[in-house]
Amino acid sequence: MTEKEGSLTLPERTQEIAGKTFMGFIHDRNSQGNTYFSDRKEYLWLFKTHSSMKIDVIVGLQWGDEGKGKIVDYLATQYDMVCRFQGGPNAGHTLKFDGKKFVLHTIPSGIFRADLQNLIGNGVVIDPITLEKEIAELQSTGLSFLDRLFVAHKAHLILPTHRLLDAASEASKGAAKIGSTLRGIGPTYMDKTGRNGLRVGDVFAPDFMDKYQTLKEKHLNLASMYPAIDFNLEAEETKWFASLECLRSLQHVDGEYFVNQALDAGKRLLAEGAQGSMLDIDFGTYPYVTSSNTITAGLCTGLGVAPKRVGKVIGITKAYCTRVGSGPFPSELHDEEGEALRAAGHEFGATTGRPRRCGWIDLPQLKYTIMLNGVDEIAITKVDVLNSFASLKAATHYQIDGKETDAIPFEMVEGMPMSYREFSGWMEDTASCQQREQLPAALQDYLLFLEKTLATPIKYISTGPERQALIIS
Ligand code: IMP
């Protein structure tokens, strides 16, 4: 009988162990030993039990910036590998510990946990310049991680001219601009689906320079359709080619085999979403969205994992709501309460530094994204930001044609009227609370109302930016 670690093996011959005859064995992923079976029925039962290793996922339920980095970093201790599956350096996952702040753009948030593997999956778009900078910054902290960082061959590359096109396209749109992070995300995904893109694996090909030049020429032709913008292409190309050395030196894998073999071997995997579900290319507030599938389904194409292997889905929301960039945001506050949320929550973009738009939590919007993602558990972040509010609100319905509805309309529009429910604030510090029962009563009421309305349990309550400010309920 042949055995490949972690795989199921049908018998080539029967085995005799302790006087009993067995047909074969199945590798037991939990005990890392073998479970022997004596007939086909037993084998089928064992197969069903043992092929059930699944990948869990964390997704943002709003317009991004929900605090995924902190929750991934916390949960990472329960996993063997964290995988990014979409987006690129438009993301900014912030983690705070030991009094220091770290912002990750491309590298998964599991990187700070020793022994944990981290994969940049095929669905991610990579700017080698940003990646090299991120690696250097992490290395300067003394963290050792290069032996734990893997890059999928099939991930697409962001070229300097993708950033040029992003900037030119946005500038040409005037007031109708998307509010892009200008990291070249849209043009790179356009080349991916247009079948013109360059992938990580291409950097080793002998004709790489020819491919690069062809794509660059195409981009320059396209850019000539837009009004000229200030962009030093030569300088950016010099940096880009220099950074390819770093990219080439990393560990490259066939991401789809890497992930599936890890699952077969019984490893526990967590997929880390970037951006939020309302920025999803298909189901977000189109066209004010990003260019990838940010919802749970995106992990299947972004990592090469079959849908039946998707396990627990953790959805993250802030206790209020923010959005950065253009596009509708019905529960946005344009008054001093919005200003107070921005100030208390330090609501400035982790990637661009832009002030985030702030407003109340939007329950129809959350019901929609909970449905799209199949959320099992909610993580709610930044509840401490509301500590100094005498009262707060939650948007319960949209008002369309004079009627209340909680269905997301085809086109969400700026300033859509909403119905709200008001809650008393708690006006208390939550820093010392270690359990849900210790939280102020008014906050417990608010959480319970959210759970009931969203019909989903709140499992994690984040009461501050630091690692330990997290209640598991
Ligand atoms: P792009 O993905 O950079 O093209 O930006 C498209 C839209 O998504 C803009 O409104 C951005 O502000 C927004 N966006 C992109 N990435 C993030 C993120 O990580 N957090 C929040 N908003 C984002």
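What you see below is based on every heavy atom in this structure, not just the backbone, and it leaves out hydrogens, waters and symmetry mates. Just follow the structure's listing: the first ligand is 1, and inside any ligand the first atom is 1. Computed from a prediction, not measured in an experiment: that's the story for all the values here.
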| said: Please confirm whether Val289 approaches ligand 1 to less than 4.0 Å, judged on its heavy atoms. | reply: yes
| query | Are Phe204 and His252 close enough that their ring centers fall under 6.0 Å? | reply | yes
| field | Axial cation check for Phe97 ring with Arg467, 6.0 Å and 45° limits | value | yes
| Salt bridge present between Asp73 and Arg113 (N-O < 4.0 angstrom) | yes
| said: Looking only at distances, can you tell me whether any N or O atom of Asp65, backbone or side chain, sits closer than 3.5 Å to an N or O atom of ligand 1? | reply: yes
| ligand 1 atoms in contact with Trp63 (distance to a heavy atom under 4.0 Å) | 21 (C), 22 (N)
| task | Determine whether any heavy atom of Tyr288 lies closer than 4.0 Å to an atom of ligand 1. | result | no
| Taking atom 2 (O) of ligand 1 as the reference point, the nearest protein heavy atom with its distance | Thr290 OG1, 2.6 Å
| request: Taking side-chain contact (heavy atoms from CB on, under 4.5 Å) as the test, write out the residues that go with Gln399, two or more places apart. | output: Glu404, Pro417, Ser419
| Heavy atoms of other groups near Asp147 CG, more than 12 under 6.0 Å | yes
| remark: In this structure, atom 4 (O) of ligand 1 is nearest to the protein heavy atom Ser180 OG, 3.3 Å
| For atom 23 (C) of ligand 1, which candidate among Leu279, Asn90, Thr294 holds the nearest heavy atom? | Leu279
| note | for atom 22 (N) of ligand 1, nearest protein heavy atom and its distance come out as Val324 CG1, 3.4 Å
| query | Are the ring centres of Tyr212 and Phe241 closer than 6.0 Å? | reply | yes
| Counting only N and O atoms by type, is there a donor-acceptor contact under 3.5 Å from the side chain of Ser277 to the main-chain atoms of Ile295? | no
| query | What pairs meet the side-chain hydrogen bond (donor to acceptor under 3.5 Å, both in side chains) rule with one or both residues in residues 166-177, with sequence neighbours excluded? | reply | Asp166-Ser180
| message | Return the closest protein heavy atom for atom 3 (O) of ligand 1 as residue, atom name and distance. | response | Thr181 OG1, 2.5 Å
| Residue selection (non-hydrogen contact nearest atom 9 (C) of ligand 1) among Ala350, Gly327, Gly179 | Gly179
| said: When you measure from the heavy atoms of Ala91 to every atom of ligand 1, does any distance fall below 4.0 Å? | reply: yes
| request: Kindly identify the option in His93, Gln275, Arg354, Lys68 whose heavy atom sits closest to atom 15 (C) of ligand 1. | output: Gln275
